[in-house]
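Values in this document were obtained by computation on a predicted structure and should not be read as measured data. In what follows, residues are counted from 1 in the order of the sequence shown.
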Amino acid sequence: RRPLACFGGDTLEYWALAADPLAAYATDSHLFGLALLRPPGYPLILAIFRALSDSSVIVSLLQAALGVVTIWVTVLVSRQWIDRPGAGVAGWWLALDPLHVIESSYLLTEIPFSLFLILAAWAAWKGLRDEDSLRAWIWWGVAGLLVGIASLIRPIAFYLPAVVLAIVMGWALKRKHLGALLAGLCFAVAAVFPMGAWTVRNWHVTGVPVFSTIQGVNLAQYRAVGALVEAREMSVSEARDFVRALVESEAGERTNPAEISQVQSAVGLRIIVEEPLGYMESAVKGLIRTLVGPGGAHISARVESAGWLSASMPLLVGLSAVSAVGASVFSVIGIWWLVKRRAWKVFALIAVPLGYILVVGSGHESYSRFRLQVLPLILIFSAQGVVAAWRGFRRRLIGSRPSASRL
């Protein structure tokens, strides 16, 4: 058995909730506050794993198996979206990316979330291509349901259905396409079903319509803190103490975690409105760390827990940096290739969820691990960029050779 201490604080929380989810998520549970913070999606996945074996080593291997499934799904989906050689590049790149390899066995939410996200994009693709309207609406409903489940794993996807519905409705109304409008509604309704059910449950037990109290924590202790650090040149500890004092003064005697989360959200949003430039600067820096961060701190922590691998840490960090920068560079080429060929459906299916997650997830606390939740989508763009760049290089190389007539 591997000691759970090496998994970090978040994993210990998920592990505690997964021990007995029915008891942990009961209203009289001693883990009630934690259950409001962590939706039940990932604890239920861990509970299934723990039903097979309660050994943390076996559970980690099962989590790693989800990473392998994610690679396989990425290859299958890529074959339908981009050039066939690009599908192979995307699969191999994801399989060999050091951060994905190392983090996929640790009990965190990013890998399962990325699996459900790419499956949702694939289901939407099936809906776009199906000529039978009823089947197309069903596929869009499946896509929405998968996004709803993904939000129960990582609440960051909570507003994605609204973004997708707004885009689809705008396009459908402009083209006067009733079928597309109904497809967007099927997507939104199916996504809202699991998310709405959990929100209503929390509303019933707390009196506050909250999906997860993590939203308040993020707005107050990360987004607002980042804005203060950049705009007022505070240290991180000073900014956190300042925000914490504001929350405590406005919360008063409240002890309900959902009500405190409301206060945190209000304080966080107020600071962001007061310091928009600081917030934007913090968000841009977080986005850069997410996209090109090598993940050195995480690789170091994981490798050092297995002492015999510690000597390989500099190599792994270097390869991770090369992978991150290469993915960003070739993604630009892949996006250019799809836009040039007017492959708008494929572009939208990748760009909309990818752009949403990157924008919403960028902040003071963002770092390389946040890339994992959208890494399959990034690498599909990157893989197409690699293929396009290679073909362009070959054309130039062949064109530069003297022809037989010149000889």
Side-chain angles (χ1 to χ4, degrees), residues 7 10-11 14 41-46 48-49 52 58-82 84 86-126 142-143 145-157 160 290-291 295 298-299 302 319-320 323-324 326-327 330-331 334 346 349-354 356-358 361 368-384 386:
F7 290 167
D10 289 355
T11 295
Y14 289 120
Y42 189 56
L44 286 176
I45 292 173
L46 284 185
I48 294 172
F49 290 168
L52 301 175
I58 300 300
V59 174
S60 294
L61 290 174
L62 292 171
Q63 170 93 353
L66 281 183
V68 175
V69 173
T70 304
I71 295 168
W72 177 66
V73 171
T74 300
V75 173
L76 293 182
V77 171
S78 300
R79 287 179 177 176
Q80 301 178 39
W81 289 353
I82 61 177
R84 195 175 185 86
V89 172
W92 278 109
W93 198 331
L94 187 60
L96 297 175
D97 180 81
L99 197 62
H100 187 270
V101 172
I102 292 172
E103 292 285 339
S104 62
S105 63
Y106 281 78
L107 307 186
L108 296 167
T109 58
E110 282 80 6
I111 300 299
F113 177 85
S114 68
L115 175 59
F116 278 94
L117 189 65
I118 195 169
L119 283 173
W122 174 77
W125 167 255
K126 298 286 285 186
V142 171
L145 184 62
L146 289 168
V147 169
I149 295 172
S151 70
L152 290 172
I153 297 173
R154 284 185 67 81
I156 193 172
L160 180 56
T290 298
L291 290 175
H298 300 284
I299 292 175
R302 306 313 190 206
L319 290 174
S320 182
S323 177
F330 282 108
S331 286
V346 173
L349 286 169
I350 304 174
V352 170
L354 176 59
Y356 166 85
I357 297 296
L358 289 177
S368 54
R369 202 188 90 192
F370 283 46
R371 184 168 68 245
L372 291 174
Q373 59 192 339
V374 288
L375 190 56
L377 297 177
I378 293 174
L379 291 183
I380 292 173
F381 274 147
S382 303
Q384 184 58 65
V386 169

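- Judged by distance alone, the side chain of Thr11 and the main-chain N or O of Leu107 form a donor-acceptor pair under 3.5 Å.
- Within the 3.5 Å criterion, the main-chain N or O of Leu319 finds no donor-acceptor partner in the side chain of Ser323.
- At a threshold of 4.5 Å between non-hydrogen side-chain atoms, the residues Gln63 and Pro112 count as touching.
- No donor-acceptor pair closer than 3.5 Å links the side chain of Arg79 to the backbone N or O of Arg84.
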Checklist entry - Ile58 and Leu52: side-chain contact (heavy atoms from CB on, under 4.5 Å), yes or no, with the steps? => result CA-CA 9 Å; Ile58 300 300; Leu52 301 175; 5.8 Å; no

Checklist entry - Does the pair Thr74 and Thr70 meet the rule for a side-chain contact (heavy atoms from CB on, under 4.5 Å), with working shown? => result CA-CA 6 Å; Thr74 300; Thr70 304; 4.3 Å; yes

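- Between the CD1 atom of Ile149 and the CG atom of Leu117 there is a distance of 12.5 Å, given to the nearest 0.5 Å.
- Note: Leu108 CG to Tyr14 OH = 8.0 Å, rounded to the nearest 0.5 Å.
- Residues Ile153 and Phe116 come closest through the heavy atom pair CD1-CD1, 3.6 Å.
- Considering only heavy atoms from C-beta on, Phe113 comes within 4.5 Å of Ile357 through its side chain.
- One distance of note links CH2 of Trp81 with CG of Leu377; it measures 6.5 Å at 0.5 Å rounding.
- Scanning both residues, Tyr356 and Ile156, for their nearest heavy atoms gives OH-O, 2.7 Å.
- Of all heavy-atom pairs between Leu99 and Ser368, the closest is CD2-O, 3.6 Å.
- Residues Leu66 and Phe49 form a side-chain contact, since some pair of their non-hydrogen atoms from C-beta on lies under 4.5 Å apart.
- Side chains of Leu160 and Ser151 form no contact here, defined as non-hydrogen atoms less than 4.5 Å apart.
- The heavy-atom pair separating Pro98 from Ser320 by the smallest distance is CG-N, 3.6 Å.
- Val101 and Ala95 make their closest contact through CG2-O, 3.1 Å (heavy atoms, listed as atom of the first residue, atom of the second, distance).
- Using a 4.5 Å cut-off on side-chain heavy atoms (C-beta onward), Leu152 and Leu44 make no contact.
- With values rounded to the nearest 0.5 angstrom, Thr109 atom OG1 is found 9.5 Å from Ile45 atom CD1.
- Put simply, the side chain of Leu291 reaches to within 4.5 Å of the side chain of Leu358, judged on heavy atoms.
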Item to check | Test side-chain contact (heavy atoms from CB on, under 4.5 Å) applied to Trp122 and Leu146, step by step | outcome: CA-CA 10 Å; Trp122 174 77; Leu146 289 168; over 6 Å; no

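- With Leu375 as the fixed residue, the side-chain contact (heavy atoms from CB on, under 4.5 Å) test singles out one of His100, Glu103, Glu110: His100.
- Judged by distance alone, with hydrogens and angles left aside, the side-chain atoms of Ser331 form a donor-acceptor pair with the main-chain N or O of Ile378 at under 3.5 Å.
- Counting heavy atoms from C-beta outward, Trp125 and Val77 have side chains that stay 4.5 Å or more apart.
- Proximity of Ile380 to Ile82: side-chain heavy atoms (C-beta onward) are separated by under 4.5 Å at one or more points.
- Annotation: the span from Ser382 atom OG to Asp97 atom CG amounts to 10.0 Å, rounded to 0.5 Å.
- The minimum heavy-atom distance linking Ala120 with Ala143 is given by the pair O-CB, 3.3 Å.
- In this structure, CD on Gln373 lies 13.5 Å from CG on Leu115, to the nearest 0.5 angstrom.
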